[in-house]
Amino acid sequence: MNLRLYNTLNNKIEDFKEIKKGKVGLYTCGPTVYDFAHIGNFRSYVFEDLFKRYLIYLGYNVKHIMNITDIDDKTIKKSNELGVNINEITQKYLKAFFKDIKTLNILKADIYPKATEHIKEMVELVEKLENNGYAYKKENSVYFNIEKFKGYGKLANVLKENLKTGVSIDSDEYDKENVQDFVLWKGKKEGEPYWETKYGEGRPGWHIECSAMSMKYLGNHFDIHMGGVDNIFPHHENEIAQAECATGEKFVNFWIHCQHLIVNNQKMSKSLGNYYTLEDLIQKGYKPMAIRYLLLSTHYRKTLNFTFEGLERAIRSLNRINDFIFSLKGLKSNKGESEHISNIINQNEIKFRENMNNDLNVSGALGVFFDFTHQINLKLKELKTKDIENILAYIKRIDSVTGVLKEEESSPLEDEIEKKIKIRENARKDKDYKLADSIREELKKKGIILIDTSDGVRWKKSK
RNA sequence: GGCGACGUAGCCAAGUGGUAAGGCAGCGGUCUGCAAAAUCGCUAUUCAUCGGUUCGAAUCCGGUCGUCGCCUCCA
């Protein structure tokens, strides 16, 4: 089965076909760096990462662009309120963003273009739209005339008749009631940053940024554009309008949108006190990989209900995988390789792929993988050296997609602890279980967990 | 009002016309000096609900109820 994806453009699951063999151009909507990103943002980023990792797993050469919005109403507002230079704000939160995605084991994009560094491209795009008759000037701003674009509304399934009310508005955050032509270029306002261009002093509209930057790095027509469902309208709809009216070409083949995350069945908001940043969760003692596991284990088109119970469950599910790897690594085995183990691996990987190919069915794919751990656990005693290598290599391939097994540095034990473990071993031989148990308890308090196996004592650090 | 997603065990969740995966939790057993891990058994006659199509429906169609999102910025 080929990779099949739900394409918002046509509202159905379609076979994925790349434009240029073996290559995928991928654009994901990035952060507006005016505040810390929250776990809802990270749900999208983690899903996008899962998707990108899977494309790489399938052998595609992925070119991934993620924009950084470092100029917009919210950023300007914050800058003015705090009396701080806008760059200081965007620098601060950009740094935090990069730190967070590293923590969550999200692969870096190839390029993170900043809006403020692509004013020239945006103005050129506005110019093209004006030349093609889709844009008009009003006051000091330039607007897109949605009446002129026949395809307007095709992504979000909105009818122009329901939108057009005749007034054009140049703010990102305007009042209700009027939805209409959107702004391409905003004339300068008092107290706002501006650029000097052929359209006078001003700054770009929000939507033009993504059209200009995606086309600059991926071409006029590229494979996949992703984002949260809230971006479908108007942001992505407007991107299509801008790009297609400027170039006359189809803009993007596949639009993939990730559902939102809610917290305890409620919309996340600061006023409800259920608004979490990644740092908040880490401060509470949760491990990043458990957070990542939780965020990616629900299908991307389903609303994810974030709860702390769910996070606890994620920890335990991950433990099952980690314990499995732990047992494998501690096995004493004979040389050789068994055909039936290779068969189990091959069969399992095929099923894993079938599930992932089915519109990124992670839950199904994880279920397949848990089946695998079960099958292998039944055969642990008969594994040969090469089998274990093969299994570990398979786990590595799976994790190249899921990215939840980021290993922590395994520092060697201190001499003193080593000594204690030896004392305990001797005590056990002498059947002095009282002493043995007290040492085990003592080390547990230090974060070292001892496990007695038929192959001897083993230790691991507590999570 | 318009557009869209969705409703499967205590919780999370797969399933895309052929008779309910998997994970977590729980109970009982095996293994272990005891633990841990693993393992075995038990835990949904039923998929919001009512009708229809079909030899056969959680899956298709229609109605009803309910949840969420978008329609203004938001991942």
Side-chain angles (χ1 to χ4, degrees), chain A residues 4 6 8 11 13 28-32 35 37-48 72-74 77 153 156-159 161-163 169 171-180 182 206 226-235 237 257-262 265-269 293-294 297-299 301-305 307 309-310 312-324 326-327 330 351 355 358-359 361-374 376-378 380-381 428 431-434 436-437 440-441 444 449-454 458 460:
Chain A
R4 294 166 60 75
Y6 184 89
T8 309
N11 280 323
I13 294 179
T28 59
C29 276
T32 301
D35 202 349
H38 53 69
I39 51 169
N41 299 117
F42 289 119
R43 193 224 172 158
S44 290
Y45 300 148
V46 165
F47 164 64
E48 287 159 2
D72 87 315
D73 289 359
K74 292 187 292 288
K77 195 175 159 205
N157 279 318
V158 288
L159 296 170
E161 301 81 75
N162 294 341
L163 293 173
I169 287 235
S171 168
D172 294 345
E173 300 189 66
Y174 36 93
D175 293 331
K176 252 184 167 68
E177 52 214 326
N178 296 319
V179 188
Q180 54 279 306
F182 58 92
W206 176 43
M226 303 176 82
V229 282
D230 54 298
N231 279 149
I232 296 172
F233 193 87
H235 187 51
E237 192 70 61
H257 292 100
C258 186
Q259 258 297 343
H260 275 189
L261 169 152
I262 56 175
N265 285 311
Q266 284 180 301
K267 188 168 178 168
M268 180 168 54
S269 74
Y293 185 94
L294 177 66
S297 55
T298 295
H299 187 83
R301 283 193 288 120
K302 211 165 166 177
T303 305
L304 170 63
N305 185 20
T307 62
E309 292 76 11
E312 295 289 341
R313 264 198 307 276
I315 292 168
R316 288 190 293 261
S317 300
L318 252 189
N319 280 348
R320 188 172 166 88
I321 300 174
N322 282 317
D323 284 337
F324 173 63
F326 182 77
S327 335
K351 284 191 203 153
N355 276 281
N358 181 16
D359 195 29
N361 182 355
V362 227
S363 315
L366 286 172
V368 165
F369 183 67
F370 278 110
D371 273 339
F372 174 75
T373 63
H374 183 241
I376 297 298
N377 271 327
L378 289 172
L380 279 187
K381 288 290 169 196
R428 286 186 71 220
K431 299 206 192 296
D432 183 354
Y433 295 123
K434 212 170 174 183
D437 289 351
R440 185 168 64 191
E441 199 52 34
K444 192 179 171 186
I449 293 171
L450 295 185
I451 298 118
D452 300 318
T453 73
S454 55
R458 302 193 61 208
K460 63 178 179 183

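First the proteins, then the strands, lettered A, B, ... as listed; each starts at 1.
- Atoms CG (A:N355) and C1' (B:G15) sit 10 Å apart, rounded to a whole Å.
- When side chains are defined from C-beta on, A:D359 counts as touching A:R301, because their heavy atoms get closer than 4.5 Å.
- Using atom P as the reference point in both B:G63 and B:C73, the two lie 31 Å apart (nearest Å).
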Nucleotide pairing, RNA chain B (Watson-Crick or G-U, distances under 3.5 Å), in dot-bracket with [ ] and | | ((((((((.[[[..)..(...]]].(((((.......))))).....[[[[[..)....]]]]])))))))....

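- No contact: A:G310 has no heavy atom under 4.0 Å from any strand.
- For the pair A:N377 and B:U39, the criterion of a side-chain N or O lying under 4.0 Å from OP1 or OP2 is met.
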Taking N or O atoms only and anything under 3.5 Å, show me the protein contacts with nucleotides 5-9 of chain B, one pair per line.
unit_1, atom_1, unit_2, atom_2, d
B:A5, O2', A:R301, O, 3.1

Under a 4.0 Å heavy-atom criterion, the protein footprint on nucleotides 24-32 of chain B, written with B, S and -, is SS-------

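- In this structure, A:H260 forms an aromatic stack with the base of B:A75, since both conditions hold: centre separation below 5.5 Å and plane angle below 30°.
- Applying the 3.5 Å distance criterion, the base of B:G15 shares no donor-acceptor pair with the side chain of A:N361.
- Remark: the separation of the C1' atoms in B:G4 and B:A44 is 30 Å, to the nearest Å.
- As rounded to whole Å, 11 Å separates atom C1' of B:G23 from atom CG of A:L318.
- Atom name P, nucleotides B:A13 and B:C6: the rounded distance is 13 Å, in whole Å.
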